[in-house]
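The sequence lines fix the lettering, A, B, ..., with proteins before strands; numbering per chain opens at 1. Computation of the quantities below employed the complete heavy-atom set of this structure, encompassing side-chain atoms and omitting hydrogens, waters and symmetry-equivalent molecules. All values derive from a computational prediction rather than experimental measurement.
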Amino acid sequence: MQFTLQHTDLKSQARAGLLQTDHGTIETPIFMPVGTVGSVKAVHQRELNDDIKAQIILGNTYHLYLRPGINILEKAGGLHKFIGWDKPILTDSGGFQVFSLSDTRKLKEEGVTFRSHIDGSKHLFTPENVVDIERSIGADIIMALDECTPGDAEYNYAKKSLELTLRWLDRGVKHFRETEPKYGYNQSYFPIVQGCVYPDLRKKSAEIIAELDMDGNAIGGLAVGEPAEKMYEMIEVVNEILPKNKPRYLMGVGTPENLLEAIERGVDMFDCVMPTRNGRNGMLFTKNGTMNMRNLKWADDFSPIEEDGASYVDTAYSKAYLRHLTMTGELLGLQIASIHNLAFYLWLTKEARKHIIEGNFSSWKINMLKQISNRL
RNA sequence: GGGCAGUUACCAGAGUGGCCAAAUGGGGCUGACUGUAACUCAGCUGUUUUAAACUUCGGUGGUUCGAAUCCAUCACUGCCCA
């Protein structure tokens with residue numbers, strides 16, 4: 001994998017780059033749609049490709065390991081083939097499930113034991129076997145197993161949690177270097193910076209990770225309950241240290257505003273369930289602000305979903321129709337909202353990239369922030 | 001014509017003397033959602049902007065300290081028998 005920095009903004013840390021993988025080149029900054037169990041919910045691969053113009057999507061190790069299981073994925077020849085997607089894929093390690101399924105997991109030095117949310121069966125994830133599983137899934141970018149520390153964690157807990165994550169990281173990197181990809185193309189292993197909202201922990205974490213000199217680096221444990229200002233502050237602290245010639249991936253973030261603020265602070269890659277999940281729940285993001293499609297005011301608004309929106313669905317359908325689909329629980333409503341939101345997110349990062357290259361990112365961002373903060 | 005059952009909020013429907021502005025579900029309104037156990041979750045849904053109070057349970061009249069609940073009567077609806 002190769003990362004090329006094309007432009008760096010003069011007034012900020014924002015950068016535009018190219019990330020080359022064996023499944024194609026990714027133009028950064030980039031938003032990556034989340035396809036947890038091997039599908040971006042309610043969106044066809046063809047729409048993902050042709051309409052949304054996704055360049056890379058996510059899968060999740062924990063979920064894919066439980067279903068369909070590693071055997072099936074190996075028989076299929078890897079996730080790309082299984083799902084019919086020949087562009088890059090990134091898999092999260094299950095670190096987020098350590099956080100989100102905290103009721104059914106136990107952390108130990110060796111790794112983390114989960115109770116399956118499906119049948120209650122017990123499973124052990126270790127830094128090593130997660131690498132193995134991710135080798136079997138065959139994503140282009142695979143993530144280290146970490147503990148995603150809650151945003152409101154006490155210092156002592158955050159410190160211990162970080163130390164465990166770092167010990168896991170050592171083991172994971174070692175195992176990654178000792179193993180080979182299974183499907184004839186390269187995989188890159190991204191370590192994850194933790195440290196909650198504590199600058200010294202974040203610094204320490206970033207320094208150790210910078211030393212490893214992996215193909216790219218991730219910032220995790222943000223947008224998990226801490227104030228947005230803290231998140232921005234942590235990004236600044238971390239990006240001061242993480243190598244400039246490697247892509248930086250801010251995990252699980254976020255709102256359109258979060259994306260712009262993070263891009264300004266030197267982040268290159270994002271993923272978030274927000275465009276798809278909120279879309280399914282009737283919320284639309286547009287360049288003029290957000291809309292709750294269940295609101296009565298759209299009932300007889302026959303204007304396009306978004307005039308000059310990023311997707312064909314924006315002009316193919318009216319607000320009134322989308323509201324109707326949403327209110328009646330029609331599947332088409334989930335599809336339209338998901339396509340719209342993802343197309344908007346991809347448009348937003350593409351536009352950011354364009355303005356970084358043009359050298360007017362900051363003024364564009366200020367204006368954009370104003371627009372997207374509206375409530376329509 | 002006779003018999004029986006029924007009429008409760010937007011809809012369906014519980015409640016059969018005080019704990020009832022009235023269960024529950026649906027519908028509706030408004031929020032929330034950040035590396036997806038999420039087509040999910042929360043609040044509100046008689047009126048008065050809150051407190052508190054006021055007006056309601058087909059209509060009218062009555063019994064009672066007190067009625068959605070008991071009685072009388074009228075109206076309407078459904079089912080059954082002619």
Stretch residues 192-225 of chain A: residues that reach within less than 4.0 Å of RNA chain B through a heavy atom: Ile192(A), Gln194(A), Gly221(A), Ala223(A)
Distances under 3.5 Å only, N/O to N/O: pair up the protein atoms with those of nucleotides 31-33 of chain B.
{"unit_1": "rG31(B)", "atom_1": "OP2", "unit_2": "Asn292(A)", "atom_2": "ND2", "d": "3.1"}
{"unit_1": "rG31(B)", "atom_1": "OP2", "unit_2": "Asn295(A)", "atom_2": "ND2", "d": "3.3"}
{"unit_1": "rG31(B)", "atom_1": "N7", "unit_2": "Arg294(A)", "atom_2": "NH2", "d": "3.0"}
{"unit_1": "rG31(B)", "atom_1": "O6", "unit_2": "Arg294(A)", "atom_2": "NH2", "d": "2.6"}
{"unit_1": "rA32(B)", "atom_1": "OP1", "unit_2": "Arg375(A)", "atom_2": "NH1", "d": "3.3"}
{"unit_1": "rA32(B)", "atom_1": "OP2", "unit_2": "Arg375(A)", "atom_2": "NH1", "d": "3.4"}
{"unit_1": "rA32(B)", "atom_1": "OP2", "unit_2": "Arg375(A)", "atom_2": "NH2", "d": "2.8"}
{"unit_1": "rC33(B)", "atom_1": "O3'", "unit_2": "Arg277(A)", "atom_2": "NH1", "d": "3.4"}
{"unit_1": "rC33(B)", "atom_1": "O2'", "unit_2": "Asn278(A)", "atom_2": "OD1", "d": "2.9"}
{"unit_1": "rC33(B)", "atom_1": "O2", "unit_2": "Asn281(A)", "atom_2": "ND2", "d": "2.8"}

Check ion pair Lys204(A)-Glu163(A) (N to O, under 4.0 angstrom): yes
Pair Lys354(A) + Glu351(A), salt bridge at N-O below 4.0 Å: yes
With sequence neighbours excluded, residues passing salt bridge (charged side-chain N to carboxylate O under 4.0 Å, His left out) with Glu27(A): Arg353(A)
Any Ser100(A) side-chain nitrogen or oxygen under 4.0 Å from OP1 or OP2 of rA37(B): yes
Side-chain N or O of Gln97(A) closer than 4.0 Å to phosphate OP1/OP2 of rU36(B): yes
Validation row, ring centre His63(A) to ring centre His117(A) under 6.0 Å: yes
Which nucleotide in rG35(B), rA37(B), rU36(B) has an atom nearest any side-chain atom of Thr276(A): rU36(B)
With a non-hydrogen cut-off below 4.0 angstrom, is [X] in contact with a base, only sugar-phosphate, or nothing?
| X | value |
| --- | --- |
| Leu101(A) | base |
| Asn60(A) | sugar-phosphate |
| Leu58(A) | sugar-phosphate |

How are the rings of [X] and [Y] set relative to one another: parallel (under 30°), tilted (30 to 60°) or perpendicular (over 60°)?
| X | Y | answer |
| --- | --- | --- |
| His340(A) | Phe344(A) | parallel |
| His80(A) | His23(A) | parallel |
| Phe361(A) | Trp364(A) | tilted |

Side chain to side chain contact (heavy atoms under 4.5 Å, CB included), paired with Ile137(A), selected from Ile89(A), Leu73(A), Asp132(A): Leu73(A)
Any N/O donor-acceptor pair, Asp146(A) side-chain to rG35(B) base, under 3.5 Å: yes
